[in-house]
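Just so it is clear, the structure is predicted and the values come from calculations on it, not from any experiment.
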Amino acid sequence: EAREAVDRLAAAISDDFVLGEIMLLRMRAALSCAQGDDVAYREFVDRYRAMAKSRGLEGHIARAEAMT
């Protein structure tokens with residue numbers, strides 16, 4: 001159910017809405033972790049961290065670092 005909800009949210013978010021995109025990466029990482037998919041989890045966390053760093057979003061950078 002959670003994955004379906006995230007997919008619906010992803011479909012509704014505009015590609016140019018940076019905060020929406022970064023939150024989706026964090027949610028997808030959390031879902032991957034909950035499902036035990038370590039490879040996907042690391043990939044989503046890496047993408048989340050990279051996006052946060054590229055935008056200078058200090059709070060998200062710290063959260064991404066805590067996720068590793």
Side-chain angles (χ1 to χ4, degrees):
E1 288 179 27
R3 184 166 304 279
E4 290 173 5
V6 170
D7 289 343
R8 284 192 306 273
L9 181 61
I13 290 179
S14 170
D15 288 340
D16 61 343
F17 182 49
V18 173
L19 290 177
E21 288 295 319
I22 202 163
M23 295 301 294
L24 282 170
L25 287 171
R26 193 173 93 190
M27 285 185 261
R28 291 189 190 282
L31 283 170
S32 297
C33 181
Q35 292 179 331
D37 188 344
D38 294 334
V39 172
Y41 175 75
R42 285 190 300 275
E43 289 174 2
F44 282 122
V45 170
D46 288 346
R47 289 175 53 199
Y48 174 54
R49 182 187 312 102
M51 181 178 271
K53 285 183 177 181
S54 74
R55 302 292 197 256
L57 301 171
E58 297 297 325
H60 287 286
I61 293 168
R63 187 170 296 236
E65 293 298 329
M67 294 170 77
T68 57

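Contact check for Val18 versus Arg55: side-chain heavy atoms found under the 4.5 Å cut-off.
If you chain together hydrophobic residues whose side chains sit under 4.5 Å apart, Ile61 and Met23 never meet in one group. Cluster annotation: Met51 is connected to Val45 through the hydrophobic network of ILVMFWY side chains, with a link wherever side-chain heavy atoms come within less than 4.5 Å.
Evaluation of the ring pair (Phe, Tyr, Trp, His ring centres under 6.0 Å) rule for Tyr48 yields His60 as partners, not counting sequence neighbours. Partners of Arg49 by side-chain hydrogen bond (donor to acceptor under 3.5 Å, both in side chains), not counting sequence neighbours, listed by chain and number: Asp46, Glu65.
In this structure, Arg3 and Leu31 approach most closely via the heavy-atom pair CA-CD1, 3.7 Å. In terms of heavy atoms, Ser32 sits closest to Tyr41 at CB-N, 3.6 Å.
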- Evaluate the side-chain contact (heavy atoms from CB on, under 4.5 Å) criterion for residues Arg28 and Asp7: first the C-alpha distance (whole Å), next the side-chain angles of each, then the deciding distance (0.1 Å), finally the verdict. CA-CA 9 Å; Arg28 291 189 190 282; Asp7 289 343; 3.0 Å; yes
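The CD atom of Glu43 sits 8.0 Å away from the CG atom of Asp37 when rounded to the nearest 0.5 Å. From Lys53, atom NZ reaches atom CD of Glu58 across 10.0 Å, with rounding to the nearest 0.5 Å.
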